[in-house]
Amino acid sequence: MDFNSKPAIVIIIFIFTFLLNIFFGYFRGKSIKFSFKWFLYIHLPVPFVFLVRFLSQVEIVYIPVFAVAAIAGQIWGGKMEF
């Protein structure tokens with residue numbers, strides 16, 4: 001697999017976004033709804049995803065794809081129980 005191709009980079013960032021949001025979604029699910037921590041756990045991953053997307057020079061048109069990964073990760077992480 002050529003990691004310099006655009007589809008491979010988009011897939012890697014998609015997976016990164018999904019996994020990062022599973023982590024934060026887990027903690028969001030354990031916090032009180034609409035509290036500061038709840039708000040923080042939803043929005044804290046955004047700068048990391050932006051930074052990865054910006055540094056990899058992926059176009060802005062892929063943001064909806066990454067938003068889907070973030071929402072799915074938040075939902076899945078919120079449903080996890082250990």
Side-chain angles (χ1 to χ4, degrees):
M1 176 183 251
D2 181 20
F3 289 107
N4 291 326
S5 68
K6 196 61 71 174
I9 293 172
V10 171
I11 291 169
I12 290 169
I13 297 173
F14 182 90
I15 293 169
F16 168 76
T17 303
F18 181 73
L19 294 175
L20 182 66
N21 277 283
I22 285 177
F23 175 76
F24 282 102
Y26 173 76
F27 290 111
R28 179 195 50 84
K30 304 298 179 203
S31 63
I32 298 170
K33 197 170 191 177
F34 301 116
S35 67
F36 178 73
K37 284 184 180 181
W38 183 85
F39 180 81
L40 192 65
Y41 292 142
I42 290 174
H43 293 91
L44 196 58
V46 174
F48 295 109
V49 175
F50 169 79
L51 186 63
V52 169
R53 185 194 64 80
F54 183 77
L55 292 176
S56 63
Q57 299 177 351
V58 173
E59 291 87 15
I60 198 168
V61 297
Y62 292 105
I63 289 177
V65 175
F66 303 139
V68 168
I71 293 167
Q74 285 281 334
I75 291 170
W76 195 353
K79 294 182 184 286
M80 293 177 76
E81 293 185 19
F82 290 105

If every non-hydrogen atom of [X] is compared with every non-hydrogen atom of [Y], which pair is closest and at what distance?
X     : Y     : value
Gln74 : Gly25 : OE1-CA, 3.4 Å
Val58 : Lys6  : CA-NZ, 4.3 Å
Phe66 : Val49 : CB-CG1, 4.4 Å
Ser56 : Ile13 : OG-CD1, 3.1 Å

Flag yes if [X] and [Y] sit in one hydrophobic cluster, no otherwise; membership is Ile, Leu, Val, Met, Phe, Trp, Tyr, and two members link when side-chain heavy atoms are under 4.5 Å apart.
X     : Y     : value
Phe16 : Leu44 : yes
Val52 : Ile11 : yes
Ile75 : Val68 : no
Ile15 : Tyr62 : yes

Around atom [atom1] of [X], are there more than 12 heavy atoms of other residues, nucleotides or ligands at under 6.0 Å?
X     : atom1 : value
Glu59 : CD    : yes
Ile32 : CD1   : no
Ile60 : CD1   : no
Lys30 : NZ    : yes

### Side chains of Trp38 and Ile42 in contact at under 4.5 Å (non-hydrogen atoms)
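They are in side-chain contact.
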
### Query
In Å, rounded to the nearest 0.5 Å, how long is the span from OG of Ser31 to CZ of Phe39?
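The CZ atom of Phe39 is 12.5 Å from OG of Ser31, to the nearest 0.5 Å.
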
### Message
For the CD atom of Glu81 and the OH atom of Tyr26, what is their distance to the nearest 0.5 Å?
### Response
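One gets 8.0 Å once the value is rounded to the nearest 0.5 Å.
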
### Task
Check side chain to side chain contact (heavy atoms under 4.5 Å, CB included) between Ile22 and all other residues, then give those that pass, not counting sequence neighbours.
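If we apply the side chain to side chain contact (heavy atoms under 4.5 Å, CB included) test to Ile22, skipping adjacent residues, the hits are Phe18, Leu19, Trp76, Met80.
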
### Task
List the steps and the verdict of side chain to side chain contact (heavy atoms under 4.5 Å, CB included) for Arg53 and Ile63.
CA-CA 9 Å; Arg53 185 194 64 80; Ile63 289 177; 4.0 Å; yes

### Task
Just say parallel, tilted or perpendicular for the rings of Phe27 and Phe23, cut-offs at 30° and 60°.
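Because their plane-to-plane angle is over 60°, the rings of Phe27 and Phe23 count as perpendicular.
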
